[in-house]
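First the structure, in the form of structure tokens, and then the observations on it.
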Amino acid sequence: GEAAEQGDQRELVDGERLCRQAAPDVWSVAQILEHLRMVESNVAQLITKRVAKAKAAGIAEEKSTESVLPSFERYRVTLENAVISAPEMLLPRSDIDINEALEGLESSREALRAAAVSANGLSLGEIKHTHRVLGEIDLYQWLIFVGHHEARHKKQIERTLKSIPS
């Protein structure tokens, strides 16, 4: 009925709003989600490749049961104080559609989860890979980085939504 039609229209307006940039040099919500997809996909590929290589080399099982979160603390401080621009390869398309962005993020999240599962039980602190801002960090820290990166962009989404007129 009429209520369903209004609901559909509102969703379309909201979707359009999520694709709108508040200013020419500011990402839309859809673009932020597309950037998150790109980062997640890259980290998933990194973990998958490095874990396969480490398994082939006979990496040891993880013996420690201590939390790895404290090992990221100094990097967290660095990230919170840094102004970071995304590298060219992680810049979202300007015409990304919100539904496409959400579907892509769902896929990248699944790939990241699968990569983490493939690494389960291995000593990921022994596998290092260089991050362009943080330097050499291990795969535990890469996973923590993804969570931190997404929290940063969640705040950006909240600011963006406040600055775009409904």
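When reading the values below, keep in mind they use all heavy atoms of this one structure, side chains included, and skip hydrogens, waters and symmetry mates.
Neither Leu36 nor Ile84 shares a network with the other; the hydrophobic side chains, linked directly or stepwise wherever heavy atoms of I, L, V, M, F, W or Y lie under 4.5 Å apart, form separate groups for each. If you chain together hydrophobic residues whose side chains sit under 4.5 Å apart, Leu91 and Val133 never meet in one group. If you chain together hydrophobic residues whose side chains sit under 4.5 Å apart, Leu105 and Phe145 never meet in one group. In the hydrophobic cluster analysis, where Ile, Leu, Val, Met, Phe, Trp and Tyr join through side-chain heavy atoms closer than 4.5 angstrom, Val146 is grouped apart from Ile32. Residues Met38 and Leu33 fall into different hydrophobic clusters, defined by Ile, Leu, Val, Met, Phe, Trp and Tyr side chains chained together at heavy-atom separations under 4.5 Å.
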Checklist entry - Which is it for Gln21 and Ser28 under the side chain to side chain contact (heavy atoms under 4.5 Å, CB included) test, yes or no, and what are the steps along the way? => result CA-CA 4 Å; Gln21 292 173 259; Ser28 68; 4.1 Å; yes

Checklist entry - Please walk me through it: do Ser71 and Gln141 pass side chain to side chain contact (heavy atoms under 4.5 Å, CB included)? => result CA-CA 7 Å; Ser71 77; Gln141 293 165 333; 3.3 Å; yes

Item to check | Stepwise side chain to side chain contact (heavy atoms under 4.5 Å, CB included) check, Leu124 with Glu62 | outcome: CA-CA 7 Å; Leu124 301 184; Glu62 182 60 79; 5.6 Å; no

Item to check | side chain to side chain contact (heavy atoms under 4.5 Å, CB included) between Ile127 and Tyr140, worked out | outcome: CA-CA 9 Å; Ile127 308 173; Tyr140 288 128; over 6 Å; no

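For the salt bridge (Lys or Arg N to Asp or Glu O under 4.0 Å) condition, the pairs that include at least one residue of residues 77-86, sequence neighbours left out, are Arg76-Glu80. Pairs engaging residues 37-58 under the ring pair (Phe, Tyr, Trp, His ring centres under 6.0 Å) rule: none recorded [sequence neighbours left out]. Under the side-chain hydrogen bond (donor to acceptor under 3.5 Å, both in side chains) criterion, the residue pairs touching residues 49-60 are Arg50-His129, with sequence neighbours excluded. Residue pairs meeting the salt bridge (Lys or Arg N to Asp or Glu O under 4.0 Å) criterion with at least one member in residues 124-151, sequence neighbours excluded: Arg109-Glu150. Note on residues 33-64: pairs passing ring pair (Phe, Tyr, Trp, His ring centres under 6.0 Å), not counting sequence neighbours, are Trp27-His35, His35-His149, His35-His153. Pairs of residues two or more places apart, or lying in two chains, never qualify as ring pair (Phe, Tyr, Trp, His ring centres under 6.0 Å) while including a residue from residues 78-127. Sorted by first and then second residue, the ring pair (Phe, Tyr, Trp, His ring centres under 6.0 Å) pairs with a member in residues 65-118 read Phe72-Tyr75; sequence neighbours excluded.
Under the side chain to side chain donor-acceptor pair (under 3.5 Å) criterion, Glu100 pairs with Arg93, not counting sequence neighbours. For Lys154, the side chain to side chain donor-acceptor pair (under 3.5 Å) test picks out Glu158, with sequence neighbours left out. Residues passing the side chain to side chain donor-acceptor pair (under 3.5 Å) test with Arg113 are Glu110, sequence neighbours excluded. Every residue two or more places apart in sequence or in another chain that forms a side-chain contact (heavy atoms from CB on, under 4.5 Å) with Ala23 is listed here: Asp25, Val26. Every residue meeting the side chain to side chain donor-acceptor pair (under 3.5 Å) condition with Ser108, not counting sequence neighbours, appears here in chain and number order: Glu40.
Shortest non-hydrogen contact noted between Ile47 and Ala119 is CG2-CB, 4.5 Å. The two residues Thr130 and Trp142 come nearest to each other via the heavy atoms O-CZ2, 3.6 Å. When all heavy atoms are compared, the tightest approach of Ile96 to Ala101 is CG1-CB, 3.9 Å.
Side-chain contact between Leu112 and Leu143 is present, with heavy atoms from C-beta onward closer than 4.5 Å. Looking only at side-chain heavy atoms (C-beta outward), Asn42 and Met89 come within less than 4.5 Å of each other.
Arg37 places no side-chain N or O within 3.5 Å of a backbone atom of Glu103 that could act as its donor or acceptor partner. Not a single donor-acceptor pair under 3.5 Å links the side chain of Glu34 to the backbone N or O of Gln31. Side-chain N or O atoms of Arg17 include one that pairs as donor or acceptor with a backbone N or O of Ile164 at under 3.5 Å. Side-chain N or O atoms of Ser163 include one that pairs as donor or acceptor with a backbone N or O of Thr160 at under 3.5 Å.
Taking OG1 of Thr78 as the start and NE2 of His131 as the end, the distance is 10.5 Å to the nearest 0.5 Å.
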